[in-house]
Student: 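Sending over a structure as structure tokens; questions will come in a sec.
Bear in mind the structure is a predicted one, so any value in this text is a computation, not a measurement. In what follows, every chain begins at residue 1, and chains take the letters A, B, ... in the order their sequences are listed.
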Amino acid sequence: MFVKWMVRALAALNSNARKGQVAAAMACGVLLALVPSGNLAWMVLFFLTFFFKLHYGMQMLTLAVLKLAAPLLAPALDALGWAILNAPALEPAFTALSSVPVAPLTRFNNTLVMGGLVAGLVLWLPLFFGFRALVAGYRSRFAPRVKASRLYKAFMKLPLVTKISGALASVSRLGEALQ
Amino acid sequence: MRKPAGHAEVAAAKQAAKQGKQKKPGKLPSALRKPIPDAVFEKKFARMLEQPEDIAFFRAGFERVDGSWRARAGLDAAAVKRLGKLAKAIKANRGLFKAGPIIALALAGGGAIVFGSFFMNPLLEKAVEAGLSSAFGAKAEVDGLRFSPLGMSMSMARVAVADRDEPMTNLFETGRLALRLDPAAAFRGKVYIVEAVAESMATGTARSESGALPGRESPVKPDEPAKEPAPPLVDFSRFDAKALLEREKASLASTAAYAEAGAAYDEAAARWTGRVESSGAAVAGLKASSSAVLAIDPKKLTKAEDVAKAVAEVKKGIESLQAVTAEAKAVSSGIAADAAALKKLQTAARAALAEDLGYLKSFVDPRSGTAMAALEPSVRAMLSDKAERLLHYAGRAWEVLRKLGAGDRDADAADPAEERPALAARGRDVRFPSTAYPSFRLGLFRTGFSVSGTDWLIEIREASSQPALVAEPTRLLLRVSDSRSTMEAAGLADLRTEGAARWECRLSADGVPLDLGSALADAGLDGFSAAMAGSGDASGSADGAFLLRADLVLSGARVASPSGTFGTAFSDALSGADAIRAGLGWERVPGGEDSFSLTTNLDSLVMDALAAVAKRYADKAMAEVEAQLRSYAAGELEGKLASADEMDDLLASAKGDELATERLKADLDRKLKDLEARGAALGAGVLQGLGLPGLPAGKP
């Protein structure tokens, strides 16, 4: 699965996929990685991304990579969430939210959920523009060199990568037909 | 005109085609076949591509004609294919939303609607049946369930729940039932029925098949306590004193007392007869053996040796007499002691006769409260039947409410979330006060319907599985009314405090027709009817204790078929009475016996009614009772004391034996003295001449 996401991500970087779509996918991946899963907030965010033209493979790759680093960020997110949830000015709002149907299922009152959500949302735009610039820079400067490299050519000729590319092409055709 | 950057590639492609690659070119995508306006070509096509070489190729594949871009003619198959791929990439890069997931969502929504139309209602029907079965411990049937998720409402054509204790009967059955649910609670997985309205409701309806759950045995109903027999009322006009005595013989105190005394006499007589006979025989034998000694004439004895021999024989007789005398005395005193004790039993038995006479006379004494005592068991049994049925329903409701509450309490107890320490890896939960919902809450159940001109209204408010989360206790209102009467019961069950659950109920009635049918027929009041009004209070607690107090006024009372002296007199009294007033009290203490009290003005009514009867019949009846009892005592009871005469004979015999031994002893003592005196005289004469030693002195 991880290899598949890598292949799709590499293909996205070197295809006509829009910079914005790839950057938004990476920003969304960061957001989903920062918010702990297993609650309604994460699920809603995750399913929302399906409705937008984001690069799924890049999003999942970013999510998978950053999820590994999430424990390192947990103390900071916990502190941020604690500060927000215990802010006197926000207490009436959270109290009202507690009585709203479904809202408790989001576990918004958890420090990691709240911290991750706020951090992810605040960072989303900077990350989007940052990743967008990186993709543009990669495509204009590094992509030709990478494509010309023997390593890339050897990687793309790997049987597994060839199979995955073929499968992805089929899926892509199906997706395009649906669109 | 700007020359496209990929022009050389297109030219090369054309050249290759000319060199023999005769592959037929395919069709361009429709979006590329039409002329594309200048502004649109750059904005919506060329800029949608990201790779510079693809952009150049795309531009080279088009030429500008009359202000718009058209695909070049003569493109070979490879170019057409590549342009087709680029067209797909352009399409994929356009817009913000994906159509696929949106279509999938629409399909899922359509699937949900199909599911709701064809499968949801039957599944919900089964789920509601299972829930009701679990709550009431018996089969439940729900027909025609319709659930509207958007309106959060539900309706059922019929609901029937079997009675666990009587499986062939429904505990209740409703007609069409409409429910309105609270969406906020539903989103949290809780059931909050804000309002439930039933078109009709019936209890105790018959079932065609058993409502017992498979594998669950019907609980064994405890035996109903035997109806307390009522003291019978005497019909003076046909009074039979002998029959009354025969009927009551077994319960008379004197019968038992005489039997006890008679048995004691028989046992004592049997015990003493043998000893008296042996004692008498011993006395007779001693008298016979002593007669020869007593016949000795001392004056005729002339020799000292003969005197000494006679003295020795008398002494031997005296020694033998001592043992016989002791036995005779022991028998005599023992019989005397037993006779005294038996006399006391005899006296007690005769005293019991006086008590029995009073008891028997009470049956014919109209002032003794017998009439009330006769009525009370019937009234109590009648009230018990009604109350037991009501208590049965109240008990089941109480049980269901407590079971619901227990379920939530168990669930709460089983959830360790509150006690689980917050782990840093999982973050910390900050608690905010919020509205908590019990798993099940019935805000209002209401049914109002008419049956045969009688209007019924039943309301249940705030029945909940977690009463502590609801501000109000559970309330019940039952009102039954018609054009002439109203009956109302307003109850309250407060389960909000664990361990201190309680209930109370206020009852009121006005103009309620009361027809007791044959319930008081034993008292000669067959077909008693009246109009009842009154009020009362009942309260109880979870441990089964309850207290009922009620004040009732019966007006327009009449007896359809009075019988007997009492029934007739009572019926006459009712016709002239203003009303019958009754105060009921019923208390049940866990582990103790029920106490029931009934106070009425019936006694005074009865006394007045029977005054004339008493004048005519009661004195005569009492005299007959006394005569019959005395005859019974003389004929049957005194016969049981036949052994008393035998005891008297034994005592007399024993005393005679004792007296005989005393007399015999006196005779022997006297004879001994005479012989000693004779011996002394003979001794003195010899000493005067011979100087012989004197005779030894005899014992007195």
Student: Using non-hydrogen atoms and a 4.5 Å limit, figure out which bit of A/S15 sits close to chain B: side chain, backbone, both or neither.
Tutor: backbone
Student: Do the ring centers of B/F97 and A/F51 come within less than 6.0 Å of each other?
Tutor: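 Judged by ring-centre distance (under 6.0 Å), B/F97 and A/F51 do not meet the cut-off.
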Student: Can a donor-acceptor pair be found, under 3.5 Å and without considering hydrogens, that links the side chain of B/N93 to the backbone of A/N16?
Tutor: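 The answer is yes, because a donor-acceptor pair under 3.5 Å joins these two groups.
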Student: Atom CZ of A/F94 and atom CZ of B/R431: how far apart are they, to the nearest 0.5 Å?
Tutor: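 One gets 15.0 Å once the value is rounded to the nearest 0.5 Å.
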Student: So if I apply the side-chain contact (heavy atoms from CB on, under 4.5 Å) rule between A/R18 and each of B/E50, B/R47, B/R94, which one comes out positive?
Tutor: B/E50
Student: Taking everything shown except B/K44 itself, do over 12 heavy atoms lie less than 6.0 Å from its NZ?
Tutor: no
Student: If I measure from the heavy atoms of chain A, does B/I90 come under 4.5 Å with its side chain, its backbone, both, or neither?
Tutor: neither
Student: Which answer fits B/L105, side chain, backbone, both or neither, if we ask what part of it has an atom under 4.5 Å from a heavy atom of chain A?
Tutor: side chain
Student: Would you mind telling me which of A/R107, A/M114, A/R139 has the largest number of heavy-atom pairs within less than 4.5 Å of chain B?
Tutor: A/R139
Student: So for A/L54, is it side chain, backbone, both, or neither that comes closer than 4.5 Å to the heavy atoms of chain B?
Tutor: backbone
Student: Has the side chain of A/T111 got a donor or acceptor atom that lies under 3.5 Å from a matching backbone atom of B/R428?
Tutor: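 Yes.
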Student: Check A/S98 against B/P433 and note the closest heavy-atom contact, atom names and distance.
Tutor: CB-O, 4.0 Å
Student: May I ask you to decide if the ring planes of B/F432 and A/F108 are parallel, tilted or perpendicular, using 30° and 60° as cut-offs?
Tutor: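 Parallel: the ring planes of B/F432 and A/F108 meet at under 30°.
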Student: How far apart are the closest heavy atoms of A/K53 and B/K91, and which atoms are they?
Tutor: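 Shortest heavy-atom contact: NZ-O, 3.4 Å.
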Student: Can you tell me which portion of A/V113 sits under 4.5 Å from chain B's heavy atoms? Options are side chain, backbone, both or neither.
Tutor: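 Neither part.
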Student: So, does A/N109 use its side chain to make a donor-acceptor pair with the main chain of B/D429 at under 3.5 Å?
Tutor: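 No, A/N109 side chain to B/D429 backbone: no donor-acceptor pair under 3.5 Å.
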